[in-house]
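Remember, predicted model here, so these are calculated numbers, not experimental data.
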Amino acid sequence: MPQEIKESKNIDKYVEPFIGGGALFFYLMNNYKIKESYIFDINKELILTYNVIKNNHRELIEKLSILQEEYVPRNQDDRKEYYLNIKSTFNNDIVDFENYSEEHITRASYTIFMK
């Protein structure tokens with residue numbers, strides 16, 4: 001990383017055309033003050049999940065905790081069935097990617113759970 005950026009701890013504008021795993025973006029967010037940031041990707045599920053992390057991280061953590069509480073105590077066969085039920089729900093849901101809603105929180109929790 002260039003020394004002049006490190007010293008100022010300030011980035012005026014960050015644009016990421018393909019966020020992928022977001023490692024660089026999250027590193028920069030934790031170590032520099034970014035005045036404006038724009039992240040993009042063609043994967044709508046990924047962008048939906050990032051928006052939920054940005055807007056409703058507490059609610060997302062709650063939903064992930066519930067999934068964990070329901071999943072972990074099960075035996076291997078029951079875990080497989082539970083996973084397949086989540087996957088089926090995920091695959092059959094009709095998602096409005098353009099208009100952010102509470103349903104996106106559940107969707108993001110399923111995306112993270114299935115990864």
Side-chain angles (χ1 to χ4, degrees):
M1 180 140 320
Q3 189 61 28
E4 62 273 2
I5 293 176
K6 188 84 170 161
E7 288 177 6
S8 71
K9 294 291 236 180
N10 217 6
I11 297 173
D12 290 330
K13 188 181 288 188
Y14 176 81
V15 178
E16 179 64 59
F18 301 105
I19 192 67
L24 177 61
F25 174 71
F26 288 119
Y27 171 82
L28 293 173
M29 288 296 289
N30 284 320
N31 292 286
Y32 298 89
K33 182 178 182 197
I34 300 176
K35 292 180 182 177
E36 287 181 77
S37 62
Y38 301 91
I39 60 173
F40 303 93
D41 205 294
I42 58 171
N43 184 331
K44 290 182 180 186
E45 296 291 350
L46 183 62
I47 296 301
L48 179 146
T49 301
Y50 280 130
N51 281 330
V52 169
I53 292 169
K54 176 179 138 186
N55 296 316
N56 296 96
H57 63 277
R58 286 186 182 91
E59 294 88 345
L60 175 61
I61 291 169
E62 287 174 22
K63 289 196 180 287
L64 288 169
S65 294
I66 291 168
L67 289 170
Q68 179 181 8
E69 289 169 12
E70 293 175 349
Y71 179 80
V72 170
R74 297 169 185 262
N75 65 40
Q76 188 173 2
D77 290 337
D78 289 345
R79 282 183 177 183
K80 181 178 179 179
E81 182 180 342
Y82 185 86
Y83 175 88
L84 291 174
N85 285 335
I86 296 290
K87 183 178 177 182
S88 177
T89 300
F90 181 89
N91 288 335
N92 291 318
D93 278 351
I94 297 172
V95 181
D96 179 358
F97 289 99
E98 301 302 318
N99 298 301
Y100 189 84
S101 71
E102 291 290 317
E103 293 172 354
H104 286 190
I105 301 168
T106 300
R107 182 89 178 169
S109 72
Y110 289 173
T111 298
I112 293 169
F113 173 79
M114 290 188 298
K115 299 298 173 199

Inset, instruction - Could you label the plane-to-plane angle of the Tyr71 and Tyr82 rings as parallel, tilted or perpendicular, counting under 30° as parallel and over 60° as perpendicular? - result: tilted

Legend entry - Straight-line distance of Thr49 OG1 to His104 NE2, nearest 0.5 Å: 10.0 Å

Inset, instruction - Kindly work out whether a path of hydrophobic side-chain contacts (I/L/V/M/F/W/Y, heavy atoms less than 4.5 Å apart) joins Phe40 to Leu46. - result: no

Inset, instruction - Show your working on side-chain contact (heavy atoms from CB on, under 4.5 Å) between Glu16 and Phe25 and close with a plain yes or no. - result: CA-CA 8 Å; Glu16 179 64 59; Phe25 174 71; 5.6 Å; no

Inset, instruction - Verify, without hydrogens or angle tests, whether Asn75 (side chain) and Asp77 (backbone) share a donor-acceptor contact under 3.5 angstrom. - result: yes

Inset, instruction - Grab the two heavy atoms, one from Asp78 and one from Arg74, that are nearest each other, plus how far apart they are. - result: CB-CB, 3.7 Å

Inset, instruction - Begin with the C-alpha distance, continue with both residues' side-chain angles, and end with the deciding distance and a verdict on side-chain contact (heavy atoms from CB on, under 4.5 Å) for Leu24 and Tyr14. - result: CA-CA 11 Å; Leu24 177 61; Tyr14 176 81; 3.7 Å; yes

Legend entry - Gap between atom CD1 of Ile11 and atom CG of Leu28 - 0.5 Å precision: 4.5 Å

Side chains of residues 57-68: which donor-acceptor pairs under 3.5 Å do they make with residues two or more places apart or in other chains?
| from | atom 1 | to | atom 2 | distance (Å) |
| --- | --- | --- | --- | --- |
| Lys63 | NZ | Thr106 | OG1 | 3.4 |
| Ser65 | OG | Ile61 | O | 2.9 |

Legend entry - With Lys54 via salt bridge (Lys or Arg N to Asp or Glu O under 4.0 Å) - residues at least two apart: none

Legend entry - Ile112 side, atom CD1; Ile53 side, atom CD1 - distance, nearest 0.5 Å: 5.0 Å

Legend entry - Nearest-0.5 Å distance that lies between atom CG in Asp41 and atom OH in Tyr50: 8.0 Å

Inset, instruction - Without swapping roles, check the side chain of Lys9 against the backbone of Lys33 for a donor-acceptor pair under 3.5 Å. - result: no

Legend entry - Side chains of Val72 and Arg79 in contact at under 4.5 Å (non-hydrogen atoms): yes

Review item, side-chain donor-acceptor pairs of residues 83-90, under 3.5 Å, at least two apart:
| from | atom 1 | to | atom 2 | distance (Å) |
| --- | --- | --- | --- | --- |
| Asn85 | ND2 | Glu81 | O | 3.4 |
| Ser88 | OG | Asn92 | ND2 | 3.2 |
| Thr89 | OG1 | Asn85 | O | 3.0 |

Inset, instruction - Return yes when atom CD of Glu36 has more than 12 non-hydrogen atoms of other residues, nucleotides or ligands closer than 6.0 Å, and no otherwise. - result: yes

Inset, instruction - With rounding to the nearest 0.5 Å, note down the distance linking OH in Tyr100 to CD1 in Ile105. - result: 5.0 Å

Inset, instruction - For the residue pair Val95 and Glu103, establish whether any side-chain heavy-atom pair is separated by less than 4.5 Å. - result: no

Legend entry - Between CD1 on residue Ile39 and CZ on residue Phe26, distance to nearest 0.5 Å: 6.5 Å

